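Throughout, residue positions are numbered sequentially from 1 according to the sequence presented. Note that the coordinates shown come from a computational prediction; the quantities given were computed from them, not determined experimentally. Ligands are counted one by one from 1 in listed order, and the atoms in each one are counted from 1 as well. The figures that follow rest on heavy atoms only: side chains count, while hydrogens, waters and symmetry mates do not.
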Amino acid sequence: MHVRALGASACIGNPGYTTCLLAGQDTLVDCGTGAGTLSTEDILALRSVLLTHSHLDHTGLLPLLADVHACHDGPGLDVYGLPETLDALSRHFFNDAIWPDYARQENGKSWLRMRPIDVGDTVPLTNGLATALPAQHTQPALGWLIEGPWRALAYSGDSAPCPAFWQWVCGVPSLTDVICEVCYNDALQALAGKQGHSTPGQLASYLAKLPSQAQFWVTHIDSRCRTEVIQEMQRLCPANLRLSMLKEGTLIEL
Ligand SMILES: [Zn+2]
Ligand SMILES: [Zn+2]
């Protein structure tokens, strides 16, 4: 199974699109503006969306994806997330004012099937398994573990340093890749704390516990401090890890 980054930025404009990962051909992990790079055929091939939390940069394209399925009589989407996340979407997106309620059943069918889950729950994928992981953010939030036939990828979602997340992922024997948000540099630690994000220095102790040769992908860097975050990560990252910045088009084989 391949995981392709469609969006890996904290905001739109240069350098790109907000958070969205395509796992295989039929599953999205988060649904930020990166989802807008998919063709109609790609969108109709989607079956599931795994959400980390309700914030717009991770969910904003879901209403428009549902619209494509509705307009082309597609199969519709199973949407997995915490109950609070799905409830926020229902109240604020799919309320017939902002957008049609595509979760409503019509003629026995709905275009969005809301599937509430909790930490530890699993979702079968075509060629693997997804597991909801703990996260700490200003809104109820998850990370995701994506296990393919050979390797496993952990994705933090938006999160302040979360000991339970790192304890979990360091116990996955097939773990080879971690995609982790590092929104701000260390000088902005107070801002990061207020917004439920991470800085390089806060992650150092967790990086030391990752399996040797694991690939650590940094994502969701605020464009105002991109240079500083990259420099601080390069300084802190243990030599036995491979450090890269996730960007649109990055392909990870699992
Ligand atoms: Zn967020
Ligand atoms: Zn975000």
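Between the Gln25 side chain and the Asp42 main chain, no donor and acceptor come within less than 3.5 Å of each other.
For Thr19, the side chain to side chain donor-acceptor pair (under 3.5 Å) test picks out no residue, with sequence neighbours left out.
Under the salt bridge (charged side-chain N to carboxylate O under 4.0 Å, His left out) criterion, the residue pairs touching residues 67-82 are Asp73-Lys109, Asp78-Arg113, Asp78-Arg115, with sequence neighbours excluded. Listed by first then second residue, pairs satisfying side-chain hydrogen bond (donor to acceptor under 3.5 Å, both in side chains) with a partner in residues 83-97 read Asp87-Arg91, Asp96-Arg104, not counting sequence neighbours.
For Tyr155 and Asp30, the side-chain atoms include at least one donor-acceptor pair closer than 3.5 Å. One side chain, His220 or Asp57, offers a donor N or O that lies under 3.5 Å from an acceptor on the other.
For the Zn ion (ligand 2), protein N, O or S atoms under 2.8 Å: 4 in total.
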